[in-house]
Amino acid sequence: MIRNLGPEAPPAVRATPAAWRDPRLWIGVALVSASVLVGSRVVGSAGETTEVWAARSDLAVGQSVTRADLVPASVHLDGARASTYLRTTDDLPDEEVLARAIGSGELVPAAAFEAAASDVLHVPVWAPADAVPAGLTEGSTVDVWVTTDDRADAASAVLDDVIVLGLPLHEDGLGPAGNRQVLVGVPESQRGSVGQVLAAARDGRVALTREG
C-alpha cells in the first residue's frame, strides 16, 4: 500500500553572497587598475623628450663653439644617456675648444671639449690658390712649405703638422694675385719659423700639403 506523502517539497536553495563581496571581483579590478597605471606611465615616458644641442654645420677640432654654431634638438633619451650630451640648459664652454670633429646634425657630447691650448699662435698664411690642397677644412693638419729665393723648385717644410683653425669664405679669402688665406695654429715649439713663412708669403713662395 502506497501512502500519499502530499506535494513534493521544493529543493533547498543555498544563500549566495552578493557579487560585490566576491573576492575574485576585487582581484580582477586590482589587476586592471595596475595594468592601466603601468600603461599610462609607459606612454607618458615615451612622450618625454630632452632638449640637447646639435651641430648646425661641421665643427672642427680646436674650434670654439657658440650658440650660432648649434641648433636645439628634442630627443628621446633615458637619464643616463641624456647626461652625456650638452643640454640646452647647460652653459656653453667659453674657454674650451673641441677635442674632436663633430658632423653637421650630430648631437654634441659634453665630453667633446678640452681646455684651449694657450701656447698656440694663430697665424694667417697666404699661399697661391693652386698651392692649397683641395677640400681643405678646419681641423685639417697641414705642413707649410717655403721655396727658396734662388730656386723655385727647391722647398723645405718650415711648419710641421699645424692645425687649420679657419678658412675665410671664398670671396673674402682671395688676396692679390689669387692668393688664398689659411689660418693655422702654430705651437710654441715652431714659433721661430713664423717670420720665415710670413716673409715668403709676401712673395708667393708658400705651399701647403696634407696627408689623406
Side-chain angles (χ1 to χ4, degrees), residues 53-70 86 92-212:
W53 288 117
R56 183 184 300 274
S57 57
D58 291 341
L59 303 178
V61 175
Q63 181 177 344
S64 58
V65 176
T66 66
R67 288 184 181 271
D69 302 313
L70 306 172
L86 192 64
L92 295 180
D94 55 355
E95 296 182 357
E96 296 183 338
V97 295
L98 287 175
R100 72 170 183 85
I102 298 178
S104 177
E106 181 181 349
L107 302 184
V108 180
F113 296 86
E114 64 180 3
S118 59
D119 62 345
V120 173
L121 181 66
H122 293 206
V123 179
V125 175
W126 289 92
D130 57 0
V132 177
L136 198 66
T137 61
E138 294 181 0
S140 299
T141 301
V142 298
D143 295 334
V144 180
W145 296 73
V146 172
T147 60
T148 59
D149 292 325
D150 53 348
R151 290 185 57 192
D153 59 344
S156 59
V158 178
L159 300 177
D160 298 324
D161 294 333
V162 292
I163 297 178
V164 176
L165 301 179
L167 289 165
L169 297 177
H170 182 72
E171 58 269 20
D172 298 328
L174 291 177
N179 286 352
R180 180 76 187 275
Q181 186 190 75
V182 180
L183 181 66
V184 298
V186 180
E188 187 173 2
S189 60
Q190 300 189 59
R191 287 190 183 182
S193 301
V194 170
Q196 182 181 354
V197 171
L198 296 178
R202 290 197 297 267
D203 302 329
R205 295 184 293 108
V206 171
L208 278 65
T209 62
R210 67 166 181 171
E211 294 185 3

With side chains defined as the heavy atoms from C-beta onward, is the minimum distance between S193 and V186 less than 4.5 Å?
-> no
Contacts of type side chain to side chain donor-acceptor pair (under 3.5 Å), residue T137, not counting sequence neighbours | S140
Can you sort out the partners of A199 under side chain to side chain contact (heavy atoms under 4.5 Å, CB included), two or more places apart, ordered by chain and number?
-> R202
Please list every donor-acceptor pair under 3.5 Å in which a side-chain atom of residues 58-68 meets a protein atom from a residue at least two apart or in another chain.
residue, atom, partner, partner atom, Å
D58, OD1, S104, N, 2.8
Q63, OE1, A60, N, 3.0
T66, OG1, A68, N, 3.4
T66, OG1, D69, OD2, 3.3

Using a 4.5 Å cut-off on heavy atoms from C-beta on, say whether the side chain of V125 contacts that of V162.
-> no
Quick one: list whatever passes side chain to side chain donor-acceptor pair (under 3.5 Å) with Q196, sequence neighbours left out.
-> none
Considering all heavy atoms, the nearest A55-V108 contact | N-CG2, 4.0 Å
Go through the structure and list residues passing side chain to side chain contact (heavy atoms under 4.5 Å, CB included) with I163, not counting sequence neighbours.
-> T141, L165
Identify the heavy atoms of P124 and L183 that sit nearest to each other, and give their distance.
-> N-CD1, 3.8 Å
Looking at side-chain heavy atoms only, is the closest gap between D143 and L159 below 4.5 Å?
-> no
Nearest heavy-atom neighbours spanning V146 and A200 = CG1-CB, 3.4 Å
Does the side chain of F113 reach to within under 4.5 Å of the side chain of V97, using non-hydrogen atoms?
-> no
Sequence neighbours excluded, which residues qualify as side chain to side chain contact (heavy atoms under 4.5 Å, CB included) partners of S57?
-> none
Sorted by chain and number, sequence neighbours left out, side chain to side chain donor-acceptor pair (under 3.5 Å) with W145 holds for T209
So which of R191, Q190, E188 actually passes side-chain contact (heavy atoms from CB on, under 4.5 Å) with L121?
-> R191
Kindly give the heavy-atom pair with the smallest separation between L208 and V144, and that separation in Å.
-> CG-CG2, 4.4 Å
Within-4.5 Å side-chain heavy-atom neighbours: V158 and V206 = no
Closest heavy-atom contact between G105 and A54?
-> O-CB, 3.9 Å
